[in-house]
Trainee: 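Dumping the structure here so I can ask a few things about it.
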Amino acid sequence: MIDRPRATASLLALVLAASLAGCSSAAEEREVTGRRASETAISADFTQQNMIITAVCSRGNGSGGVVNLDGWNPQSWKHLAHAEFRLPDTAITEYDASEPNTAVRRLCEPDELPADAGDVTAIRSLFDQDFTKMAVVTEDPETRATHVGYVDRTGKFTDLTGNEDFGNTPHEHNAAFSRDGSAVWFTYEVTDDPGVSTKDRIASRALAGDHKAVDRFEVRTAQHLVMVGSTPSQAVVANSAFLSPDGGRLLAEGYVLDVPAQTQGVGLDLVEKGRYLACYDGWLDDDTVLCGENGRFAALDIAPGAKPGPPILPSNDHRNRAMVISPDGRRFAFLSQKGAAMDYYLSDTKPGSTPQKIERTGEFATLGDTAAFIEWR
């Protein structure tokens with residue numbers, strides 16, 4: 001009888017010791033984690049200037065996936081910011097020939113090369129101004145209905161299409177965020193005569209209120225949906241679209257045109273009324289664009305009759321694809337492929353420049369070959 005209290009006391013002492021050890025271990029782990037965060041100085045703040053932002057998609061096993069955004073200093077390649085967006089299991093990330101090849105699919109299921117400058121504008125349009133939310137399209141596996149919505153950094157998904165009434169099954173595609181984050185725009189089809197003809201239209205759903213669809217305008221074909229400008233954003237239905245720094249001109253599908261006044265968006269019919277330049281890589285300044293020019297790149301003044309300037313890069317046998325241009329137009333990033341090797345480079349935009357290879361060291365080495373450079377701010 002006398003031994004029982006002693007055994008109980010010993011047992012309590014052991015439990016208390018183990019508990020204290022566990023608390024100490026947890027505290028040490030938190031301290032180490034906090035120290036690492038402090039040492040790396042990584043935040044979720046993408047408002048900083050002088051930053052290149054990359055996007056990488058890691059698909060789940062047959063469904064969902066995670067899109068990781070990272071901010072980098074373009075001089076030192078120090079890792080400045082990080083955020084992730086967990087896609088719902090019903091998010092459309094795989095290519096389907098019967099459906100539009102959306103920006104999420106382009107990011108999550110790239111072909112033999114990652115996104116180039118044209119794809120980048122559509123991928124960038126998946127996010128609001130400071131990358132707090134990401135637009136997605138989901139598909140019901142039973143009804144095949146497609147809805148538009150968004151995920152935030154906590155992984156919460158908000159379905160803007162919502163429950164459908166009895167009637168037509170919603171088929172909403174190409175979700176894209178207005179830069180101010182107030183609405184998700186998308187494409188959808190309207191059938192005039194079942195089995196005979198359909199029309200593609202653009203609409204938007206506001207994040208506030210009842211999310212009711214607001215019809216915007218008709219387009220000839222539903223390609224990528226690119227949001228340009230900020231107050232308010234305008235929708236451009238094209239495989240590539242860049243707004244000039246002063247906001248006055250649009251470079252889309254290789255055409256240059258003045259931004260139409262008092263319009264909610266631009267379709268291919270209007271784009272193709274512009275002047276064809278055969279340049280697809282973005283603006284260097286208000287009057288000059290970047291052209292691929294056989295993989296060596298060149299600047300082109302948009303004045304009628306102007307010819308591309310001297311090559312920017314030395315003669316080479318690489319396959320080069322532009323991605324993003326610095327805000328001042330003096331540098332640009334591109335992906336270069338030679339055989340099976342792929343590397344990222346930075347170059348000045350002056351003729352005769354020697355590009356600098358971005359070394360795969362430190363945290364940058366984890367990006368792999370499928371990262372899309374989606375903004376240089």
Side-chain angles (χ1 to χ4, degrees), residues 44 46 52-59 64-71 81-88 90-95 99-110 114-139 146-161 172-188 202-207 222-230 233-243 265 323-324 370-377:
F46 286 86
I52 284 180
I53 299 167
T54 59
V56 177
C57 178
S58 301
R59 286 178 50 200
V66 178
V67 173
N68 286 282
L69 296 182
D70 293 280
H82 175 78
E84 67 177 37
F85 295 88
R86 294 193 172 274
L87 305 179
T90 54
I92 298 177
T93 58
E94 297 181 352
Y95 176 72
E99 301 289 355
N101 187 15
T102 66
V104 175
R105 286 170 170 157
R106 189 68 187 85
L107 179 63
C108 294
E109 196 178 50
D116 62 8
D119 300 309
V120 160
T121 58
I123 293 171
R124 174 62 184 89
S125 295
L126 294 170
F127 305 92
D128 61 346
Q129 176 63 29
D130 291 321
F131 303 96
T132 66
K133 297 178 283 291
M134 176 181 175
V136 296
V137 178
T138 60
E139 182 175 53
T146 54
H147 292 200
V148 297
Y150 67 93
V151 290
D152 61 22
R153 293 179 182 175
T154 69
K156 179 185 176 182
F157 170 64
T158 301
D159 185 343
L160 297 177
T161 305
E172 301 177 352
H173 295 283
N174 292 301
F177 249 114
S178 59
R179 283 295 177 94
D180 63 6
S182 65
V184 170
W185 290 57
F186 59 95
T187 63
Y188 74 102
I202 307 300
S204 65
R205 293 185 183 274
L207 271 61
Q223 295 178 284
H224 282 325
L225 185 60
V226 179
M227 303 303 293
V228 300
S230 55
S233 293
Q234 286 187 322
V236 182
V237 185
N239 284 325
S240 65
F242 305 87
L243 193 65
M323 285 194 169
V324 290
T370 60
F373 287 45
I374 62 173
E375 185 172 326
W376 191 332
R377 56 172 50 185

Trainee: CZ of Arg179: more than 12 outside heavy atoms within 6.0 angstrom?
Mentor: yes
Trainee: Ignoring hydrogens and angles, tell me if any N or O in the side chain of Ser178 forms a donor-acceptor pair with the backbone of Ala183 under 3.5 Å.
Mentor: yes
Trainee: Backbone N or O of His173 within a donor-acceptor pair of the Thr146 side chain at under 3.5 Å?
Mentor: no
Trainee: Checking the side chain of Ser125 only, and the main-chain atoms of Met227 only, is there a donor and an acceptor separated by less than 3.5 Å?
Mentor: yes
Trainee: Side chains of Gln129 and Asp180: does their closest heavy-atom pair fall under 4.5 Å?
Mentor: no
Trainee: What is the minimum heavy-atom distance between Gly229 and Leu243, and which atoms define it?
Mentor: N-CD2, 3.6 Å
Trainee: Decide side chain to side chain contact (heavy atoms under 4.5 Å, CB included) for Phe127 and Ile374; before the verdict, give the C-alpha distance in whole Å, the side-chain angles of both, and the deciding distance to 0.1 Å.
Mentor: CA-CA 10 Å; Phe127 305 92; Ile374 62 173; 4.2 Å; yes
Trainee: Just verifying a value: how many Å separate Asp116 CG and Met323 CE, rounded to the nearest 0.5 Å?
Mentor: 7.5 Å
Trainee: To the nearest 0.5 Å, what is the distance between CG on Leu225 and OG1 on Thr121?
Mentor: 10.5 Å
Trainee: Rounded to the nearest 0.5 Å, what separation is found between the CG atom of Asp70 and the CD atom of Glu84?
Mentor: 10.0 Å
Trainee: Hey, does Phe373 have a side-chain heavy atom less than 4.5 Å from the side chain of Thr54?
Mentor: yes
Trainee: Not counting sequence neighbours, which residues clear salt bridge (charged side-chain N to carboxylate O under 4.0 Å, His left out) with Asp130? List them please.
Mentor: Arg377
Trainee: Can you find a heavy atom in the side chain of Arg124 that is under 4.5 Å from one in the side chain of Phe131?
Mentor: yes
Trainee: Where do Leu87 and Cys108 come nearest, in terms of heavy atoms and distance?
Mentor: CD1-SG, 4.4 Å
Trainee: Kindly indicate, with the supporting measurements, whether the criterion side chain to side chain contact (heavy atoms under 4.5 Å, CB included) is fulfilled by Leu160 and His147.
Mentor: CA-CA 7 Å; Leu160 297 177; His147 292 200; over 6 Å; no
Trainee: Search all heavy atoms of Val226 against all heavy atoms of Ala238 and return the closest pair with its distance.
Mentor: CG2-O, 3.9 Å
Trainee: Look up atom CZ in Arg106 and atom CG in Leu126, then write down how far apart they are to the nearest 0.5 Å.
Mentor: 12.5 Å
Trainee: What pair of heavy atoms forms the shortest contact from Ala135 to Ala176, and how long is it?
Mentor: CB-N, 4.0 Å
Trainee: How long is the gap from CG on Asn68 to CZ on Phe85, to the nearest 0.5 Å?
Mentor: 10.0 Å
Trainee: Could you label the plane-to-plane angle of the Tyr150 and Phe177 rings as parallel, tilted or perpendicular, counting under 30° as parallel and over 60° as perpendicular?
Mentor: perpendicular
Trainee: Do the non-hydrogen side-chain atoms of Val137 and Glu139 ever get within less than 4.5 Å of each other?
Mentor: no
Trainee: Indicate yes or no for a side-chain donor-acceptor contact from Arg205 to the backbone of Asp159 under 3.5 Å, with no hydrogens or angles considered.
Mentor: no
Trainee: Measure the shortest side-chain to side-chain distance between Ile92 and Val104 over non-hydrogen atoms and say whether it is less than 4.5 angstrom.
Mentor: no
Trainee: Using modelled atom types only, decide if a donor and an acceptor are shared between the side chain of Asp119 and the backbone of Ala122 within a distance under 3.5 Å.
Mentor: no
Trainee: At their closest point, which heavy atom of Gly181 faces which heavy atom of Leu207, and how far apart are they?
Mentor: O-CD2, 3.3 Å
Trainee: So how far is it from Trp185 CH2 to Asn174 CG, rounded to the nearest 0.5 Å?
Mentor: 14.0 Å
Trainee: Between the main-chain N or O of Lys133 and the side-chain N or O of Asp128, is there a donor-acceptor pair closer than 3.5 Å?
Mentor: yes
Trainee: So, for Val184 and Gly149, which heavy atoms are closest and what is the spacing to 0.1 Å?
Mentor: CG2-O, 4.3 Å
Trainee: Would you call Phe157 and Thr138 a side-chain contact if the rule is heavy atoms closer than 4.5 Å?
Mentor: yes
